[in-house]
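For reference, the structure is listed below as structure tokens.
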Amino acid sequence: MGSVDARCPVSKWCAISVVLAMVSVTTIVTLWTLTLTGIEARTPPWTSHRLPTTLKPLKYTVTLWPRLTPDPNGLYLFTGNSTVEFECVEETDLILIHSNRLNYTVPENRHLGVVSAPDGVFAPGVRLSWLEGSTQYLVLQLYSKLVKGQRYRLYTAFTGELADDLAGFYRSEYLEDGVKKIVATSQMHPTHARKTFPCFDEPAMKAVFHITLIHPRGTTALSNGLETNVTDTSISEVDVTRTTFEPTEIMSSYLLALVVCDYSNLSAQQGDTLIRIWARRSAIEEGHGDYALSLTGPILDFFQEYYNVTYPLSKSDQIALPDFYFGAMENWGLVTYRETNLLYDPLTSSNRNRQTTATIIAHELAHMWFGNLVTLKWWNEVWLNEGFASYVSYLGADKAEPSWRVKDLIVLDDIHRVFAVDALASSHPLSSKEDSIVLPHQIGEQFDAISYSKGAAVLRMLSDLLSEKVFVQGLSSYLNHFAHGNTVGTDLWEHLQKAVKLNGVVLPGTVQDIMNRWVLQMGFPVVTVDTTTGIVSQEHFLLSPAPNLTSPYNYEWLIPIRWMKSSGLQEDLRWLMNSTEVNMDMKTAGDEWVLANIDVTGYYRVHYDRGNWDKLIGQLKADHQAIPLINRAQLVDDAFNLARAAIVPSTHALQTTVYLSAEREYIPWQSALDNMQYYYLMLDRTDVYGPMQDYMRSLVTPLYLHFNATSGWTNVPEGHTDKYNQVNALSLACSTGLKECQNLTTSLFRQWMDNANHNTIHPNLRLAVYCSAVAAGGAAEWEFGWEQFKYATLASDASQLLSALTCTMNKTLLERFLSYTLQPDMIRKQDATTVITSIASNREGQDLAWGFVRDNWNYIHTQYGVGSFNFAALISGVTTRFSTAEELQQLVEFKQKHSATGFGSAELALNQALERTQANILWLQQNKQDVLQWFTNQTLTH
């Protein structure tokens, strides 16, 4: 909003803004004059999106007073004041500090802030001050220069809007016992602290924060530190409570957290650490926070042992919020979550909800050390922060729930997921150049599947090839050495290299040499093993050819290969150092086969000569358990993606699914379903759909009958992943038209409709049952589901119902549902993207969802803040089916039409959608007839 804001919350602030605008114009003229009379013209520092290094913050003292009732104009506001103490590192007469959407009280000096110095030291006065909107700065020009090495203070007083935009200090709402409750909460990450108070809002600008919150009596205030003083008082005849918190550790501004709420909590003591779970009173009373409380202590203990660094804070608060943009946020000492991710009800939540809670808590607590204690210097290397937390979240969850074998699931949930994105020519390296990531939307784009999932995959690979012992030793050295500081990625490699040297680990190069190829170039290799000759080669794997791509490493990697032969014994680790090498040990004879990348510890795909492929597929059909579990999933996933890249025929990939009629394990089944999803997206609006449905129904029927016989549909299996596969069996059997399944789900849903207060459907099966029944039903089933959603008290219940409602085949209902996404009183802003993209995944809703986004893009993009819609996920979701020349043309026109408005964080996703659509068109042209023939033949032989 800068200097002039057309939507100023209070009229006097508008008047001040106008004055500031006039001052700003005067300033610019003055500076321009100075430039003309100077020796050379220089770009003014306030036009840069990066702070100068002339000042270094040391301590903030901030008081904020959020109003939880609207003012006469219907706006929710907060007022505050801040004193930041900073050191002058280089002489300067300019103070630049981030500020966005704040209106300032102008004191007697008629400037936006007051500069002073401790201990009676002289501080220069403010000559000019203004707000630089384009770069989000408060700018103060001084009469003379600040002295190097001296400390100074900047005092400001301000007002901001406590909006419902899910960014900065914002407002969340919920109903409890029919009464609307307001929560003031925060999301400072990555660049929203500046929307709450003026600050040096970059991760390397660490400081200590002294926070005081003023809030209505009867409410609770929370921040990063423990409450040290809670006092009832009156301000301007308003009865309030003033809560002061212990100073934070030295930390980045994006980790600050502020909450004012009417919540209750559960607590426990873990050693010297107070653990608290905060949520709506009803959720705490019903025990929905118990599971999170039981996990937190053991996971904290695990990470203290894993890192060999003590948890540095006195408390660990975790809070469930009704409205929250991200899944969770690792604010140091006060972690914020979506309700669905923290709260768990054993009576109504699914097994998936339970795993989500465990892994997300582990992810966020991992950040308390890696990210918070030691922080990356800049956002261009965010992958190291998020990738690391994603990887070790599986280790933390495994410690808390050892029977789950959750560490295996990283292959499905992260590695296979990110392969799909990283095989595009529009992918990007894990690390970018620092000067290429400066704008807020560029920073936002870094938080994608590449950073999280590829980051996790390459770190898992590194841990495997070094050994976990050496990896953890280097990690502990890194954390202890850089505690409370900032780093670049190479710092971690150096500490891991020291551990390598200490332990005598033999590598083909330094850790940095090996990792640079995985980090500084995008994509990944496909390793081809020719078992007839022993030749092993590598090539950059792309779904579509892209001849003009360049890389400093020529798209070659140093590749660790774990492999085995059909004898069942794993061979020694081999390194592929060049584009082509010969390994005679990999040459086979007779029925012998080779399997490479055991347990997918390496971040690459594997291709074989046709003879070895045939032997592996034959082994799957004859005795699939001779091939390790994860590798059965790998064979399916690699084959399907090699087919999409036209390296093998599509019919060859489909052959890897035939054995599934005898498979009972979840991981291979889920791999196949994930890959068949592409076939459904491409073919469910063509004449291939019928034969494809017939084949998939014949494949899943034995699995459906297995669960029908062993656990029925009122109980669930004992095994963690067996529970998941029971859901797959039910969902796929119903969606492919197995009559027994459809009758079952319709009956179960009807029983619930007849007695709405007594839902007998097992929580694990609810989403599958709901979706099947809503798809087969009409308006009555949809309206019942909508009513249940509106009054759901548990977020996970609401989430399942919201998803199921998108399954209807009734276009009128789908159109109505789409319209609700722009009505926050119907669907929360945080859920809008999910609803639209889920409707797009329904073959009856694809065109409706795309049309809705096209028609409403300007409104969505300009009226809704960054916290309301995930623009990248929105574009990706509504275009994922695109496979015709007409759809490609619509996408091109959409990009042209809105080029002036822009696409913000969706810019990259839009380019990926264009590339993906062109690849889909080509795939259909080349494969549709062969695939139709294959499915038809399979149906005839069954």
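The figures here come from the full heavy-atom set of this structure, side chains too, leaving out hydrogens, waters and symmetry mates.
- Separation of atoms CD (Q187) and CG (L166) is listed at 8.5 Å; rounding is to 0.5 Å.
- The main-chain N or O of S426 is found under 3.5 Å from a side-chain atom of E915 such that the two form a donor-acceptor pair.
- Separation of atoms OG (S393) and CD1 (I360) is listed at 9.0 Å; rounding is to 0.5 Å.
- The two residues G387 and L459 have their closest heavy-atom pair at C-CD1, 3.8 Å.
- Side chain to side chain, T356 and N341 fail the donor-acceptor criterion of an N or O pair below 3.5 Å.
- Y553 has its ring centre no less than 6.0 Å from the ring centre of W518.
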> Step by step, would you call D674 with R417 a salt bridge (Lys or Arg N to Asp or Glu O under 4.0 Å)?
Replying inline: CA-CA 9 Å; D674 288 343; R417 169 182 173 240; over 6 Å; no
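- Q890 and W850 form a side-chain donor-acceptor contact under 3.5 Å, judged by distance and modelled atom types alone.
- For the ring pair (Phe, Tyr, Trp, His ring centres under 6.0 Å) test with Y603, the passing option among W557, F524, Y391, F541 is F524; the others fail.
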> Do S551 and N554 pass the side chain to side chain donor-acceptor pair (under 3.5 Å) test, and can you show the C-alpha distance, the side-chain angles, and the key distance before you say yes or no?
Replying inline: CA-CA 5 Å; S551 158; N554 199 31; over 6 Å; no
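- Within the model, atoms CG of L629 and CD1 of I667 stand 4.5 Å from one another, a figure rounded to the nearest 0.5 Å.
- Figure legend: cation-pi geometry between R644 and Y678, with NZ or CZ positioned under 6.0 Å from the six-membered ring centre and within 45° of its axis.
- Between the side chain of T880 and the backbone N or O of G877, no donor-acceptor pair lies under 3.5 Å.
- The pair K454-D414 does not meet the salt-bridge criterion, since no charged nitrogen lies less than 4.0 angstrom from a carboxylate oxygen.
- Between W383 and H428, the distance separating the two ring centers is not shorter than 6.0 angstrom.
- The side chain to side chain donor-acceptor pair (under 3.5 Å) test with Y680 is passed by exactly one of R843, Q693, R881: Q693.
- With rounding to the nearest 0.5 Å, the separation of CD1 in I836 from OG1 in T821 is 4.0 Å.
- With salt bridges taken as basic N to acidic carboxylate O contacts below 4.0 Å, none links E556 and R517.
- Taking CD1 of I839 as the start and SG of C807 as the end, the distance is 10.0 Å to the nearest 0.5 Å.
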Under 3.5 Å, which donor-acceptor pairs link side chains of residues 634-642 to any protein atom two or more places apart or in another chain?
from	atom 1	to	atom 2	distance (Å)
Q634	OE1	N631	ND2	2.6
Q634	NE2	A596	O	3.2
Q634	NE2	D638	OD2	3.4
D637	OD1	N675	ND2	2.9
D637	OD2	R605	NH1	2.7
D637	OD2	R605	NH2	3.1
D638	OD1	R605	NH1	2.8
D638	OD2	V606	N	3.1
N641	ND2	D637	O	2.8
N641	ND2	N675	OD1	3.4

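- Screening K895, Q889, K897, Q896 for a side chain to side chain donor-acceptor pair (under 3.5 Å) involving E893 leaves a single residue, Q889.
- At distances below 3.5 Å, at least one donor-acceptor pair connects side-chain atoms of T936 with backbone N or O atoms of L932.
- A donor-acceptor contact closer than 3.5 angstrom is absent between the side chains of Y689 and R685.
- Ring geometry, W934 versus Y695: the interplanar angle exceeds 60°, so the pair is classed perpendicular (tilted spans 30 to 60°).
- Using modelled atom types, no side-chain atom of D599 and backbone atom of T601 make a donor-acceptor pair closer than 3.5 Å.
- E539 CD: 12 or fewer foreign heavy atoms inside a 6.0 Å radius.
- With Q442 contributing its side chain and L439 its backbone, the two residues share a donor-acceptor pair below 3.5 Å.
- There is a side-chain donor-acceptor pair under 3.5 Å between S650 and N927.
- T884 and E887 share a side-chain donor-acceptor pair at under 3.5 Å.
- When ring centroids are compared, W669 and Y724 stay outside the 6.0 Å threshold.
- Using a 3.5 Å distance cut-off with no hydrogens or angles, the side chains of N380 and Q446 do not pair a donor with an acceptor.
- Side-chain atoms of E381 come within 3.5 Å of backbone atoms of G489 as a donor-acceptor pair (strictly under, hydrogens ignored).
- Just one residue in the list H441, H49, H189 forms a ring pair (Phe, Tyr, Trp, His ring centres under 6.0 Å) with W379, and that residue is H189.
- Ring planes of H540 and Y555: parallel class, angle under 30° (limits at 30 and 60°).
- Evaluated for a side chain to side chain contact (heavy atoms under 4.5 Å, CB included) with D413, the options I410, L409, V411 yield exactly one hit, L409.
- Here the straight-line distance linking atom CG of N725 with atom OG of S731 works out to 11.5 Å at 0.5 Å rounding.
- R828 and D831 are not joined by a salt bridge, as no carboxylate oxygen comes within less than 4.0 angstrom of a charged side-chain nitrogen.
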